[in-house]
Amino acid sequence: MTQSTLVTRFAPSPTGFLHVGGARTALFNWLLARKHGGRYLLRIEDTDLARSTQQAVDQLLDDLRWLGLDHDNAELVFQSRRLSVYNALIERLLVEGKAYKAYETREELEALQKQAEREKRGFLYRRRDLSAESIKQYEAESRPAVVRLAMPVRDYSFGDEVLGEIKLQANQVDDFVIRKTDGMPTYHFAVVVDDAEMGVTHVVRGQEHTLNTFKHIALQAALGYDRPVYAHLPVILNKDDGKKMGKRDRDKKIRVATHNWLKNKQQTVTQLASYCGLSAGRLESWLATDTQQLDLSEQVLVMQTVGLRESDLPEILVNDFRRNGYLPEALLNFLALLGWNPGDNREKMTMAEMTELFDLTGVNKAGAKFDRDKLAAFNTAAAAGATSDRLLAGLKDYLAVNPESPLNRASDDQLLATLSMCAGFRIFRDVEEKARGLFLHDEEVVYQPEAVEKVLRKNNGEGLGVLKLIHAMLETIDPWSHEPIEQAVKSFAENRQLGLGKVAQPLRVAITGTSVSPPIGQSLEMIGRESTLRRVQRCIDQTAPSAG
RNA sequence: GGCCCCGUCGUCUAGCGGUUAGGACACGGCCCUUUCAAGGCCGCGACACGGGUUCGAUUCCCGUCGGGGUCACCA
């Protein structure tokens, strides 16, 4: 059989964490390859020396591993290590007259772009005829040069698997850079060469690359490569503003919150700067623009002082979803449906089902807004349907990336029990918020003022009264496990003609400081009799009116 | 602004000339309930607009409007 195998690739640039858009692209490439028994390759596009870091490579690999999108090439391809290959090819194009050196400075280019803008047209660079003398002079000055492709001026078109026929008129063609002054190839050159050499047959990527494709097919023609099949995926948009979802959105949210904080608290930027230990000038310029971004550590400082929590920010990066406690299989399932569907009403699918059903003809053209509520619903369902082993592994992964959580003190058995008493949860962060009180040390319990007021003090301290009475009763329960506890609490309430809530709620506040926790019997069992009694007493001592 | 692409409930979408326009999430109501959830039942809710083509347009064509993407020595 001579049927050629299908080859796809995911080619991120290592400039930070993987974001959901990238994850979806990776997923679609992975699904397409798996569906057809082909190969899915991973390549690192690190031709931007200034922005690429090894740390980012590691993070990327970690995110991909977490998602479970395994690639087939054992050896990762790094473009930065393939310079000689690119250079040989570029020299060839130069000799053949298909590419040429250009000597404009950045300033000159900028001026040209400004001019284009003034004339209300797009910026196009066309080959300029340089005399032999001026070339000689530039070279003598060793003026830095880029290499541009002499793109044949003609109409172009290609067939896209999702968008159909895409055309570009000759008057839109421009000579783009293929080698930068630092000697590195540009993205356009490197993708084309590497895709060809790696045998990539299907290029599946975001729609923001649609117009780039004309550059790529021109390059393929110049180099004598076959043209792969192209499929451009719809862009993932923000639910609120309908714009492309990007990493900047978290920063944007922090900026807005900061503006509000300054206004509401009547504070100056200088004051803010001193609170968070950053320079006022830095904050000033960050607040004024929407192009500048704070780095991660700065973000944390600002968030702390303006009172923003991590969970107030939109999740954008795969890592954000991981830290908030989503299951990767739910994320992937949801992502698959952003721009693709199996053609019927099925939504919940396993990776195996998606692989079987996946097809490029089922991919949509229109951009899709990212609806976190629906994702959360997918996660809820995935969690409800998962085995306890799977949930335990998921929770432990969550705790590993949230080391400050008190649930890190729990044993596996305790985690399993917690998971089952929190059944119906949306994300692991919710489990944590609901059950964290059970894993606090007794003296770490903080009584929330609203809960104390509503549950303990209201109606002349009715709740507090219950606590005082119930302390003795708790000492008699035997054995100390949830069923007898629950039974005892119920009869305690009945004996006093009280609704269960009138008893369970004060207990809940006493042991966790909040009005929300897992079912009361299980909560008390988890904490243990000793701690329960201690917490009840401590609560009475600290919240009784006489104690202030 | 130039160029490219897109346009079914608030959101993700099914539909591929004749349907009571279907599902999911969200939302509203009821039920369940010791808190928070989860769950069950019911409900609200869409073919952007204007021309054609056709016996018949959500579906095909054109225009208008609206939205997005892109215009780097970033990928």
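Every chain is numbered from 1 and lettered A, B, ... according to where its sequence line falls, protein lines coming before strand lines. Everything numeric here is computed off the predicted structure, so don't read it as measured data.
- A distance of about 14 Å separates the P atoms of G67(B) and U11(B), rounded to the whole Å.
- As rounded to the nearest Å, U58(B) and G2(B) have P atoms that lie 32 Å from one another.
- Looking at K374(A), its side chain has no donor and acceptor atom pair within 3.5 Å of the base of A26(B).
- Judged by Watson-Crick or G-U wobble contacts below 3.5 Å, the nucleotide U19(B) has no partner.
- Distance, F425(A) CZ to A37(B) P: 16 Å, rounded to whole Å.
- R43(A) has a carboxylate O that lies under 4.0 Å from a charged side-chain N of D195(A), or vice versa, which qualifies the two as a salt bridge.
- Of the listed residues (Y156(A), F189(A), Y187(A)), just one forms a ring-ring contact (aromatic ring centres under 6.0 Å, His included) with H216(A), and that residue is Y187(A).
- Taking atom P on both C74(B) and G39(B), the two are 50 Å apart, rounded to the nearest angstrom.
- The side-chain contact (heavy atoms from CB on, under 4.5 Å) search around V177(A) returns V146(A), R148(A), T186(A), not counting sequence neighbours.
- Atoms CG (L335(A)) and P (U13(B)) sit 12 Å apart, rounded to a whole Å.
- A26(B) and G40(B) are spaced 12 Å apart, taking the P atom of each and rounding to whole Å.
- D344(A) comes within 4.0 angstrom of nothing in the nucleic acid, heavy atoms only.
- Look at U54(B): it lacks any Watson-Crick or wobble partner with both distances under 3.5 angstrom.
- Residue Q172(A) contributes atom CD, which lies 6 Å from atom C1' of G2(B) at whole-angstrom precision.
- Atom CG in L233(A) sits roughly 11 Å away from atom P in U13(B) (whole-Å rounding).
- Judged purely by distance below 3.5 Å, without hydrogens or angles, the side chains of R508(A) and Q505(A) pair a donor atom with an acceptor atom.
- Atom OH in Y230(A) sits roughly 16 Å away from atom C1' in C4(B) (whole-Å rounding).
- Put simply, the side chain of H188(A) reaches to within 4.5 Å of the side chain of N212(A), judged on heavy atoms.
- Heavy atoms of E347(A) sit under 4.0 angstrom from at least one base atom.
- Not a single donor-acceptor contact under 3.5 angstrom links the side-chain atoms of K369(A) to the base of C12(B).
- Listed pair N345(A) / A14(B) fails the phosphate criterion, with no side-chain N or O lying under 4.0 Å from OP1 or OP2.
- Taking the P atom of each, C27(B) and U64(B) are spaced 40 Å apart, rounded to whole Å.
- Using a 4.0 Å heavy-atom criterion, one finds that T15(A) contacts no nucleic acid atom at all.
- Applying the side-chain contact (heavy atoms from CB on, under 4.5 Å) test between V431(A) and each of C422(A), S405(A), P518(A) identifies C422(A) as the sole match.
- If you take atom P in G17(B) and the same atom in C25(B), they sit 30 Å apart, rounded to whole Å.
- Taking atom OH of residue Y125(A) and atom P of nucleotide C3(B), one finds them 23 Å apart after rounding to whole Å.
- For the pair R496(A) and K502(A), the minimum side-chain heavy-atom distance is 4.5 Å or more.
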Are Y447(A) and L456(A) close enough, and set up right, to give a side chain to side chain contact (heavy atoms under 4.5 Å, CB included), and what steps lead you there? CA-CA 11 Å; Y447(A) 304 103; L456(A) 299 180; 5.9 Å; no
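- With rounding to whole Å, F176(A) atom CZ is found 15 Å from C74(B) atom C1'.
- P519(A) comes within 4.0 angstrom of a base, heavy atoms only.
- Using a 4.0 Å heavy-atom cutoff across all strands shown, G343(A) reaches sugar-phosphate atoms only and no base atom.
- In terms of polar N and O atoms assigned as donor or acceptor, the side chain of K434(A) comes within less than 3.5 Å of the base of C36(B) in a complementary pairing.
- If you check G1(B) for Watson-Crick or wobble pairing at under 3.5 angstrom, you find it paired to C71(B).
- Residue order along RNA chain B, read from the 5' end via each residue's closest nucleotide, puts S515(A) first among S515(A) and T47(A).
- Pairing for C65(B) goes to G7(B), judged as Watson-Crick or G-U wobble with the two contacts each under 3.5 Å.
- Within the nucleic acid shown, K120(A) comes within 4.0 Å of sugar-phosphate atoms alone, with no base atom in reach, counting heavy atoms only.
- We find that CG of D371(A) is positioned 10 Å from P of C27(B), with the value rounded to whole Å.
- Residue-level contact check: K167(A) touches the backbone only, with heavy atoms under 4.0 Å from sugar-phosphate atoms and none from bases.
- Taking 4.5 Å as the limit, some side-chain heavy atom of E197(A) sits within range of a side-chain heavy atom of V85(A).
- A salt bridge links K374(A) with E347(A); the closest basic N to acidic carboxylate O contact falls under 4.0 Å.
- Among the atoms of the strands shown, none is found under 4.0 Å from any heavy atom of G499(A).
- Spacing between C61(B) and G7(B) at atom P, rounded to whole Å, works out to 11 Å.
- Here, A14(B) and A24(B) have their P atoms 16 Å apart, quoted to the whole Å.
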Any chance you could list the contact pattern along nucleotides 65-73 of chain B? Use B for base contacts, S for sugar-phosphate-only contacts and - for none, protein heavy atoms under 4.0 Å, 5' to 3'. ---SBSSSB
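- Using a 4.0 Å heavy-atom cutoff across all strands shown, A377(A) reaches sugar-phosphate atoms only and no base atom.
- Residue contacts shown for H188(A) include a base, since a base heavy atom lies under 4.0 Å away.
- Applying the Watson-Crick and G-U wobble criteria (two distances, each under 3.5 Å), C30(B) pairs with G40(B).
- Taking the nucleotide of RNA chain B with the nearest heavy atom to each of R426(A) and L337(A), the more 5' of the two is matched to L337(A).
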